[in-house]
Engineer: 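Next up is a structure, given as structure tokens.
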There are 2 protein chains.
Amino acid sequence: MTETRTAAPGDAADDPSAPPATPASRTERAAAVTLSDVARAAGVSLATASRAVNGSARKVRPDLHDRVLAAAASLGYSANGPAQAMARGRTSVVGLVVHDIADPYFSTMAAGVVRAAEERGLVVTIGTTGRDPVKEAQHVAALRGQRASAVVVVGSRTGEAPVQARLAEEVAAFEAAGGRAVLVSQESIPVDTVVLQNERGAGDLARALVGLGHRRFAVLAGPPGLLTARDRLAGFRAGASAAGAQVQDELVVHGDFTRDGGHAAMLSLLDAGFARGCVFAVNDVMAVGAMAALRERGVDLPGAVAVAGFDDISTLRDVTPALTTVRLPLQGIGEQAVHLLLQERAASPRTVHVDGEVVLRASTPDLTTGRPSS
Amino acid sequence: MTETRTAAPGDAADDPSAPPATPASRTERAAAVTLSDVARAAGVSLATASRAVNGSARKVRPDLHDRVLAAAASLGYSANGPAQAMARGRTSVVGLVVHDIADPYFSTMAAGVVRAAEERGLVVTIGTTGRDPVKEAQHVAALRGQRASAVVVVGSRTGEAPVQARLAEEVAAFEAAGGRAVLVSQESIPVDTVVLQNERGAGDLARALVGLGHRRFAVLAGPPGLLTARDRLAGFRAGASAAGAQVQDELVVHGDFTRDGGHAAMLSLLDAGFARGCVFAVNDVMAVGAMAALRERGVDLPGAVAVAGFDDISTLRDVTPALTTVRLPLQGIGEQAVHLLLQERAASPRTVHVDGEVVLRASTPDLTTGRPSS
DNA sequence: ACGTGCTTGGATAGCGCTTTCCTGACTGTA
DNA sequence: TACAGTCAGGAAAGCGCTATCCAAGCACGT
């Protein structure tokens with residue numbers, strides 16, 4: 001990256017009819033227009049101006065109402081958010097806490113949250129944990145300080161009791177302060193939750209794969225501590241054995257929940273002598289990493305080794321062979337979370353269950369017919 | 001999605017007459033502890049408490065300092081953000097405005113912004129426009145109301161003058177109110193900017209492709225209004241002709257800046273009789289859509305038709321054949337934007353130029369040797 | 001003619017914090 | 001001992017807004 005300065009073009013993109021907020025020069029700071037200014041200009045009291053500019057239960061006579069709005073417009077008034085928040089005792093901020101916003105799993109959910117929130121005039125802030133579960137609690141605490149009206153935590157579910165307890169505490173404090181909290185995929189804390197049916201989805205997938213004639217399964221299982229990964233592994237195991245197949249322990253290898261994690265895990269599986277069968281990676285990005293590893297090693301894909309993932313990340317739908325996976329309505333999950341947020345808190349925590357849907361594609365051929373599935 | 005309620009122990013959820021029978025915990029709102037509470041508990045004045053809890057130029061005697069901190073901790077004090085913002089006249093919020101947070105181009109940049117911001121204790125809010133350039137200005141206006149300390153707009157660059165002017169106005173108003181603004185890829189507004197060298201990158205790509213022996217080029221050019229797309233097209237054209245090749249007008253087809261847009265554009269190109277040559281899609285997601293279309297039509301890829309993209313989206317690095325593209329350091333761009341934000345406003349706007357780097361992969365074979373490149 | 005209700009504008013008390021400004025206690029020096 | 005010169009704590013003035021309370025105006029009904 002090279003740094004340069006461009007001279008400010010004598011650019012006067014000014015529209016005289018628009019808010020005359022243009023400053024005298026680049027260095028001066030304009031004193032912001034306050035509601036008092038508007039009230040004075042409109043010749044009404046501060047109270048009336050407030051009632052006119054922002055809604056209120058109280059009515060304002062139409063002519064005054066118009067006068068205030070006109071004054072506000074001509075002065076370029078824009079309400080001071082923090083002041084309103086303070087007077088009202090709450091903001092219109094919803095905090096979103098995720099591991100990594102660059103990860104499509106989270107960014108797709110975030111898109112759902114943002115969409116639903118913007119529709120309702122809410123602002124969403126985003127906090128990332130970099131997969132450090134301790135930071136989740138910290139973010140919730142910070143959001144409490146910000147007097148956010150709501151928070152959605154897309155969960156780590158580490159299973160580490162103290163960490164979990166800390167989060168539970170912060171969430172409780174957040175709600176005690178009058179905020180609403182929703183967790184995604186985090187069943188162990190008594191608060192409104194969107195539960196992803198990871199176990200069931202993985203089970204369905206296993207059964208479907210057995211149905212296609214696959215019998216020998218390996219699993220790229222993600223980090224041992226991550227409950228999401230654990231559930232998917234457990235579900236897959238259960239589904240497989242219910243259908244009469246088994247997942248041998250030595251064919252379960254752990255690795256990061258990332259593309260590179262899947263790549264490395266697949267490599268170690270190959271090094272251990274795995275050469276034929278079906279590999280279930282507990283999420284799509286790992287599956288893609290695994291496919292890359294297979295390709296590098298010249299393994300026939302999907303002939304010798306079939307691959308399946310989980311999530312159905314949309315940017316990954318065009319890999320070849322097309323990836324069999326379990327579709328999760330990620331954007332819808334984000335929207336669901338906001339809907340939950342919007343509802344009054346119930347006496348006991350609500351839970352919304354979200355099912356995954358098995359999508360069979362070419363990466364897992366139908367061995368009963370010999371042709372690729374779907 | 002199925003909605004269910006988890007039964008609370010001794011559930012009375014469906015008894016309409018039941019008063020809020022839940023014990024203290026879930027229904028009551030705890031009065032937040034304020035700094036006054038802390039001051040009283042520590043036996044100091046409000047002023048001293050403030051100075052101790054949050055930094056200040058003024059010093060506080062060590063023993064008092066500790067006493068205040070201890071009191072704050074034991075009461076579970078957490079500063080009221082809006083109140084601080086109001087007293088200080090400024091929040092620590094940086095607003096990020098993008099088209100679509102689910103798009104990896106934007107989410108990767110967002111990750112950079114968030115990372116850099118969190119490092120410095122800043123909160124980032126995200127606003128999306130859904131590719132409607134008018135909403136950019138609206139978001140900036142809203143952020144001014146929120147008294148955000150900074151805003152970064154990852155630009156549409158529609159080239160529509162009135163829309164542009166409106167954004168310029170809002171940005172000026174934002175800065176006049178004391179905020180800092182940075183635009184990404186938006187050269188026409190006099191404000192600090194991170195400029196992506198789209199034209200140059202596309203030119204370099206074209207030259208490299210000609211170097212590989214490609215001569216017949218088609219371009220999937222994105223929406224006609226989008227300057228980013230236009231620049232890439234123009235750069236590619238210029239680069240090609242500088243290297244002695246041409247891009248014929250009838251082989252330039254426009255389409256959405258998305259996977260499906262690329263897919264549709266490629267299809268129409270094929271329908272128009274294009275069957276051999278090299279296709280440049282102005283971004284990676286379009287390129288992937290194009291590859292899907294080629295595959296569907298049974299075109300030999302990359303034998304008959306080679307494909308190149310732009311951006312080097314990381315989740316797309318594992319498509320087959322591997323996609324030739326121009327790498328943009330997206331996360332770094334986000335970080336750059338924050339660095340720019342952190343600096344004092346200069347007398348004239350700063351510009352940081354970011355270069356793309358051509359990455360040749362298997363989707364554009366080396367025709368001079370017959371082997372795939374890279 | 002006189003309440004009685006209703007409506008609607010205005011004055012004003014905070015919301016929780018930062019930040020002057022003031023004051024008393026201390027230092028060091030003559 | 002006296003006196004400027006520091007230093008740190010405390011009182012209090014807002015920051016811009018909302019919301020509560022009051023009062024004035026009006027339309028009725030008796």
Side-chain angles (χ1 to χ4, degrees), chain A residues 29-69 71-72 75-93 144-149 177-178, chain B residues 29-69 71-72 75-93 144-149 177-178:
Chain A
R29 169 175 311 194
V33 182
T34 74
L35 191 55
S36 303
D37 298 332
V38 174
R40 198 174 321 114
V44 300
S45 76
L46 182 58
T48 301
S50 170
R51 296 196 264 251
V53 167
N54 315 296
S56 154
R58 292 277 305 267
K59 271 178 206 158
V60 174
R61 219 195 315 141
D63 59 320
L64 283 190
H65 192 273
D66 294 349
R67 224 159 73 203
V68 172
L69 259 47
L75 292 175
Y77 171 73
S78 139
N80 183 314
Q84 283 187 313
M86 174 142 157
R88 295 209 254 247
R90 60 177 18 326
T91 63
S92 56
V93 167
R144 174 162 61 101
Q146 295 302 320
R147 298 303 185 268
S149 61
Chain B
R29 169 173 313 192
V33 306
T34 73
L35 191 55
S36 302
D37 298 331
V38 174
R40 197 173 323 114
V44 300
S45 76
L46 183 59
T48 302
S50 169
R51 295 195 263 252
V53 167
N54 316 294
S56 154
R58 289 278 303 268
K59 270 178 207 157
V60 173
R61 218 195 315 143
D63 58 320
L64 283 190
H65 192 271
D66 293 350
R67 224 160 72 204
V68 172
L69 259 48
L75 292 176
Y77 171 73
S78 140
N80 183 314
Q84 284 187 312
M86 171 142 157
R88 298 208 254 248
R90 184 136 298 298
T91 63
S92 56
V93 166
R144 173 162 63 101
Q146 294 302 319
R147 298 302 186 268
S149 60

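We name chains A, B, ... by the order of the sequence lines, and we start the count at 1 in each one.
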Engineer: Quick one: are B:V93 and A:Q146 in side-chain contact, heavy atoms under 4.5 Å?
Structural biologist: no
Engineer: Over the length of the helix from C:dA1-D:dT30 to C:dA30-D:dT1, how much do the five-pair end axes diverge, rounded to 10 degrees?
Structural biologist: 50°
Engineer: Looking at residues at least two apart in the chain, or sitting in another chain, which of them share a salt bridge (charged side-chain N to carboxylate O under 4.0 Å, His left out) with B:R40?
Structural biologist: B:D37
Engineer: I'd like the 5' and 3' limits of the part of DNA chain C contacted by chain B, with heavy-atom contacts below 4.0 Å.
Structural biologist: C:dG16 to C:dC21
Engineer: Would you mind building the protein contact string for nucleotides 9-14 of chain D? One character per nucleotide, 5' to 3', B for base within reach (heavy atoms under 4.0 Å), S for sugar-phosphate only, - for untouched.
Structural biologist: BBB---
Engineer: Could you write out each protein N or O paired with an N or O of nucleotides 24-27 of chain D at a distance under 3.5 Å?
Structural biologist:
none

Engineer: Among all residues two or more places apart in sequence or in another chain, which pass the salt bridge (charged side-chain N to carboxylate O under 4.0 Å, His left out) test with A:R61?
Structural biologist: A:D63
Engineer: OP1, OP2 of D:dC17 versus side-chain N and O of A:Q84: anything below 4.0 Å?
Structural biologist: no
Engineer: With a 4.0 Å cut-off on heavy atoms, is A:T34 in touch with a base, just the backbone sugar-phosphate, or nothing at all?
Structural biologist: sugar-phosphate
Engineer: Shortest non-hydrogen contact from A:G178 to A:R90?
Structural biologist: O-NH2, 2.8 Å
Engineer: State which residues pass salt bridge (charged side-chain N to carboxylate O under 4.0 Å, His left out) with A:R147; sequence neighbours excluded, sorted by chain then number.
Structural biologist: none
Engineer: Side-chain polar contacts of residues 42-51 of chain B - donor-acceptor pairs under 3.5 angstrom, sequence neighbours left out - could you list them?
Structural biologist:
residue : atom : partner : partner atom : Å
B:S45   : OG   : B:A47   : N            : 3.4
B:S45   : OG   : B:T48   : N            : 3.2
B:S45   : OG   : B:T48   : OG1          : 3.2

Engineer: Expressed in angstrom and rounded to an integer, what is the separation of A:L35 atom CG from D:dA19 atom C1'?
Structural biologist: 13 Å
Engineer: For A:N54 and D:dC17, give me the distance from atom CG to atom P, rounded to whole Å.
Structural biologist: 9 Å
